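Everything on this sheet refers to the single structure shown next.
Order of listing sets the numbers, starting from 1, for every ligand and every atom in it. Counting begins at 1 with the first residue of the sequence. All of these numbers come straight from a predicted model, not from anything done at the bench.
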Amino acid sequence: MSTRRLFFGIGLPQTIQQEIIAWRAAAFNAAAGRPLAAANLHLTLAFLGEVSDEKTTAICRLAGRIRQPPFTLHIDDAGHWPRPGVVWLGLRQAPRGLVQLAEMLRSQAARSGCYQSPHPFHPHISLLRNATRPVAMPPRDFHWQFDVAQFSLLQSTFEQGRSSYKVIESWPLIA
Ligand code: 3AM
């Protein structure tokens, strides 16, 4: 049976992707970790693990039933998780809509029999991987803001030592 490694996530507008990678290049030295490509920057809502085509159909049907209004993300925080080796951008205050969307997708995934992370939802945008040594964190004097009007199911593929992400399907946020 063929499976795909899937997760629900939110993409970033291209202008914000470019601003973030320009800031990142100035804020971290090359030894800090391996930068994710601009196009791969995303916020994970729910990681699903390896999913069969049959379960994917069921998950997509449930996702299509979600009725939730758009919300705005304020990216104004950053941090370092040394154990998984991730430097990330995040939100000092996660909007209710974001948390509700992630919780809904996580409970739908659990109902469909998909893998569920035991960790609580900590919304973040991974910036650097393989950052397992101490990292000098830059001052949090940045603030990116964008409206989220859709969410997506993405496929993660691992090739030549790095992951890349492809959108399988997207759904609008509508009240
Ligand atoms: O948004 P980020 O980059 O932090 O770390 C993986 C990535 O998150 C995460 O799912 C996103 C797409 O691959 N991920 C991978 N394996 C995971 C796992 N076993 C996981 N999240 C939770 N549990």
Side-chain angles (χ1 to χ4, degrees), residues 2-14 16-21 23-25 27-28 32-53 55-56 59-60 63 71 73-92 94-95 97-133 135 137 140 142 144 146 148 150-171:
S2 79
T3 61
R4 291 181 290 182
R5 191 177 174 84
L6 301 179
F7 65 99
F8 283 106
I10 291 170
L12 275 57
Q14 266 185 24
I16 307 265
Q17 288 176 352
Q18 293 305 321
E19 286 175 26
I20 288 176
I21 63 162
W23 170 82
R24 179 180 64 187
F28 298 95
R34 185 166 53 71
L36 273 88
N40 283 340
L41 297 177
H42 67 275
L43 188 152
T44 297
L45 292 163
F47 177 74
L48 307 175
E50 293 289 329
V51 185
S52 67
D53 291 345
K55 269 189 193 165
T56 305
I59 285 165
C60 288
F71 48 82
L73 291 186
H74 293 268
I75 308 299
D76 56 2
D77 197 12
H80 177 213
W81 292 327
R83 192 97 55 94
V86 173
V87 170
W88 49 267
L89 288 175
L91 311 91
R92 289 177 214 213
L98 172 68
V99 176
Q100 279 174 351
L101 178 60
E103 280 174 359
M104 177 61 79
L105 291 168
R106 284 167 178 237
S107 72
Q108 288 182 344
R111 255 190 288 151
S112 308
C114 289
Y115 165 86
Q116 273 309 281
S117 167
H119 303 295
F121 178 52
H122 185 304
H124 65 278
I125 296 161
S126 293
L127 279 184
L128 303 174
R129 296 206 191 280
N130 302 350
T132 46
R133 289 196 265 151
V135 173
M137 291 300 292
R140 291 167 180 75
F142 49 82
W144 291 282
F146 58 96
V148 178
Q150 63 170 24
F151 65 98
S152 303
L153 180 67
L154 297 108
Q155 179 178 5
S156 166
T157 45
F158 191 71
E159 270 169 1
Q160 293 171 345
R162 55 192 56 201
S163 296
S164 63
Y165 310 116
K166 184 181 81 177
V167 172
I168 306 260
E169 192 167 343
S170 296
W171 296 268

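At a 4.0 Å heavy-atom cut-off, ligand 1 touches Arg129 through the side chain alone. If you look at Arg5 next to ligand 1, the close heavy atoms, those under 4.0 Å, all belong to the side chain.
Protein heavy atom at the shortest distance from atom 11 (C) of ligand 1 is Thr44 OG1, 3.5 Å. Among all protein heavy atoms, the one lying closest to atom 23 (N) of ligand 1 is Tyr115 OH, 3.2 Å. Among protein heavy atoms, the minimum distance from atom 4 (O) of ligand 1 is reached at His124 NE2, 2.6 Å. When only non-hydrogen protein atoms are considered, atom 2 (P) of ligand 1 lies nearest to Ser126 OG, 3.4 Å. Looking only at protein heavy atoms, the nearest one to atom 10 (O) of ligand 1 is Phe47 CD1, 3.1 Å.
Ligand 1 lies within reach of His42, whose nearest heavy atom is under 4.0 Å from it. Ligand 1 lies out of reach of Trp88, whose nearest heavy atom is not under 4.0 Å from it.
By the 4.0 Å N-to-carboxylate-O rule, Asp77 lies close enough to Arg140 to be salt-bridged with it.
By the 4.5 Å heavy-atom criterion applied to side chains, His80 and Pro82 are counted as neighbours. Leu48 has its side chain out of reach of Lys55: every pair of non-hydrogen atoms, C-beta onward, lies at least 4.5 Å apart. Taking the side chain as every heavy atom from C-beta outward, Leu154 and Val167 approach each other to under 4.5 Å.
Taking the side chain to side chain contact (heavy atoms under 4.5 Å, CB included) definition, one finds that Pro84 meets it with Trp81, Val86, sequence neighbours left out. Phe146 meets the ring pair (Phe, Tyr, Trp, His ring centres under 6.0 Å) test with no other residue; sequence neighbours excluded.
The contact set between ligand 1 and Phe7, taken as ligand atoms under 4.0 Å from a residue heavy atom, comprises 12 (C).
Contact annotation for atom 20 (C) of ligand 1: protein present (non-hydrogen atoms, distance under 4.0 Å).
Taking only nitrogen or oxygen atoms, main chain and side chain alike, Ser117 does not reach within less than 3.5 Å of ligand 1.
We find the CG-CG distance between Leu105 and Leu153 to be 9.5 Å, quoted to the nearest 0.5 Å. Atom-to-atom distance recorded for Tyr115:OH and Arg5:CZ is 9.0 Å, nearest 0.5 angstrom.
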